[in-house]
Amino acid sequence: MAVGAPARVLRPRSVEEVRQCYDLARRDGVPLGLRGTGCSYGDASVNSRGHVLDIGSLDRILAFDRATGVADCEAGVTLAQLWRYTLPRGHWPTVVSGTMFPTLAGAAAMNIHGKNNFKVGTIGDAILELDVVLPTGELVTLDRQRRPDLFHAVIGGFGMLGTITRVKLRTKRVYSGEVDVKGVSAKNLAEHMAYMDAHKSEADYLVAWIDCFAAGAALGRGLVHHARYLDEGEDPEAERTLQVGYQELPASILGFPKGEIWRFLRLFNHDLGMAFVNWTKHQMGKLEERKGFYRQSHAAFNFLLDYVPNWKFAYGRGAGRGLIQYQAFVPHETAHATFTELLRRSRERGHTSYLGVLKRHRPDPFLLTHAVDGWSLALDFKVTPDNRESLWATTRELSQVVLAAGGRFYFAKDAVIDPATARAMFSEEARTRFLELKREVDPDGLLQTDLWRRVFRDGG
Ligand SMILES: Cc1cc2nc3c(=O)[nH]c(=O)nc-3n(C[C@H](O)[C@H](O)[C@H](O)COP(=O)(O)OP(=O)(O)OC[C@H]3O[C@@H](n4cnc5c(N)ncnc54)[C@H](O)[C@@H]3O)c2cc1C
């Protein structure tokens, strides 16, 4: 997004070729960074000091069991490939991100969550087994019985412990290609949270869009989307809606070819324009609420941003331009006060987020987890060469607020945190164990990225 670096990219097609990539990096005397599709917002798969191993050519779905919904895939298979394969067979991936382009390797390495995190956990919870090529060249198969410590560390281990080459995971049986969705307009943050908490046992998905320009009593206003899967027999057209063609996102929006929409969005990409866009969206949300439940395809509901290819270009292109996303995870008890402060303070400092998203989460058993029994607020901030310094200073202030509330950050959505923040957000025990494992499986520090060097600069 607003960070990047050139590097030599290696694209192995087998476990043996992964080992050859390790050898090559060692011969060249440089570290190796692992990369999926590069969908992380920050520098998680950027390696400005060495080579990059791109897992994308390991992209075969090896087996799918229709009875159990278990898919066995090479790790470069993307979420898009997976759902396109499983949906006509009556299954949808248990966990997907807001974009369908991540690889399973990248998704596992970050332990991604969906709009259903409060209900089903993270993708790690749906993973049954992993093949990982350790930096020593050894190929290990990990699960909850075989090396459970390494299994729970590789998931969420941001590519620091080995190259994931195969992922076996559960998908969910679905009886329709659509979900029932309703929009619920909320006047402020408290209303959002009260609605989502009250409906978390019956909803399958809950996510809220926040208008970060609203202030005073309206601070945190926006629109909740509440969705549920259809039961067997509820969709008389299930055979048709389960087809991939039914899910494909339209090629144009309101007559514009979708590939060009970002040019139009760019016209609004400044404080005044985005205040207007957010206000309009809030008014439209009130109208949407009147519709009650309506049906939407799985793809349209889950992958809204994929409707607008290259949407990030609207934030500006070229050196030092673009956006960063800042996602804070905060325990339930402190979340309202913390998010109120984040919204208020970022606006006060002249960095109003152009897009805010609120989600409900639950804890998970992975070693470096970012999840909490609580909430996350993701804020998209515009970056320009002129505002960069002050934006980074503002996020440092925000991070103090989040840490004081017992919160954490998510490496897939981070470009700003420093070693002290990383040290404060994980328990000392988890951090020490992770670094021990890193030394054990990667003694010469082969696997590195800019994120690793930024956040674990002191090597532990
Ligand atoms: C529009 C948009 C919406 C998003 N929505 C969500 C969301 O709702 N929820 C969410 O959780 N995330 C979300 N994300 C973030 C995204 O899901 C994660 O960043 C994901 O990790 C990206 O996968 P990737 O294949 O692109 O991996 P990359 O971004 O390329 O890499 C991610 C990490 O995986 C490591 N890695 C890559 N390959 C391997 C490998 N073979 N073995 C081990 N480690 C490896 C990398 O070193 C890096 O640390 C979103 C991103 C975008 C752009």
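Remember, it's 1-based here, ligands and their atoms both numbered in the order they're listed.
Contact atoms of ligand 1 toward Ala412: 18 (C), 19 (O) (distance under 4.0 Å to a heavy atom of the residue). Heavy-atom proximity to Arg35, at under 4.0 Å, picks out these atoms of ligand 1: 30 (O), 37 (C), 38 (N). Each of the atoms 28 (P), 29 (O), 30 (O), 31 (O) of ligand 1 lies under 4.0 Å from some heavy atom of Ser45.
Only the side chain of Tyr410 comes within contact range of ligand 1, with a heavy atom under 4.0 Å; no backbone atom does. By the criterion of a heavy-atom distance under 4.0 Å, neither the backbone nor the side chain of Met100 is placed next to ligand 1.
Side-chain contact, Trp375 with His332: a donor N or O sits under 3.5 Å from an acceptor N or O. Checked by atom type, the side-chain pair Tyr41/Tyr326 shows no donor-acceptor distance below 3.5 Å. His225 and Glu288 form a side-chain donor-acceptor contact under 3.5 Å, judged by distance and modelled atom types alone.
Of the candidates Gly98, Gly36, Ser40, Ser40 brings a heavy atom nearest to atom 19 (O) of ligand 1. Distances from atom 22 (C) of ligand 1 to the heavy atoms of Ala105, Pro102, Gly76 show the closest one on Pro102. Scanning Ala109, Ala108, Gly33 for the heavy atom closest to atom 35 (C) of ligand 1 points to Ala109. Comparing Leu161, Leu451, Val167, Ile164 against atom 42 (N) of ligand 1, the shortest heavy-atom distance belongs to Ile164. Nearest residue to atom 17 (O) of ligand 1 from Gly38, Gly42, Ser97 is Ser97 (criterion: closest heavy atom).
Not a single heavy atom of Phe101 lies less than 4.0 angstrom from ligand 1. Distances from ligand 1 to the non-hydrogen atoms of Lys312 include no value under 4.0 Å. Distances shorter than 4.0 angstrom occur between a heavy atom of Lys413 and an atom of ligand 1. Taking 4.0 Å as the cut-off, Trp311 counts as a neighbour of ligand 1 on heavy-atom distance.
A donor-acceptor contact shorter than 3.5 Å is absent between the side chain of Lys115 and the backbone of Gly98. Panel note: side chain Asp204, backbone Tyr229; a donor-acceptor pair is recorded below 3.5 Å. No donor-acceptor pair closer than 3.5 Å links the side chain of Asp414 to the backbone N or O of Phe409.
Residues forming a side chain to side chain donor-acceptor pair (under 3.5 Å) with Tyr315 (at least two apart in sequence, or on another chain): none.
Checking each of Arg362, His361, Arg360 against Asn117 for a side chain to side chain donor-acceptor pair (under 3.5 Å) leaves exactly one that passes, namely His361.
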Which atom pairs, one a donor and one an acceptor, fall under 3.5 Å between side chains of residues 126-141 and the rest of the protein, sequence neighbours left out?
| unit_1 | atom_1 | unit_2 | atom_2 | d |
| --- | --- | --- | --- | --- |
| Glu129 | OE1 | Arg146 | NH2 | 3.0 |
| Glu129 | OE2 | Arg166 | NH1 | 3.2 |
| Glu129 | OE2 | Arg166 | NH2 | 2.5 |
| Asp131 | OD1 | Thr141 | OG1 | 2.8 |
| Asp131 | OD1 | Arg166 | NH2 | 3.1 |
| Asp131 | OD2 | Arg166 | NE | 2.9 |
| Thr136 | OG1 | Glu138 | N | 3.4 |

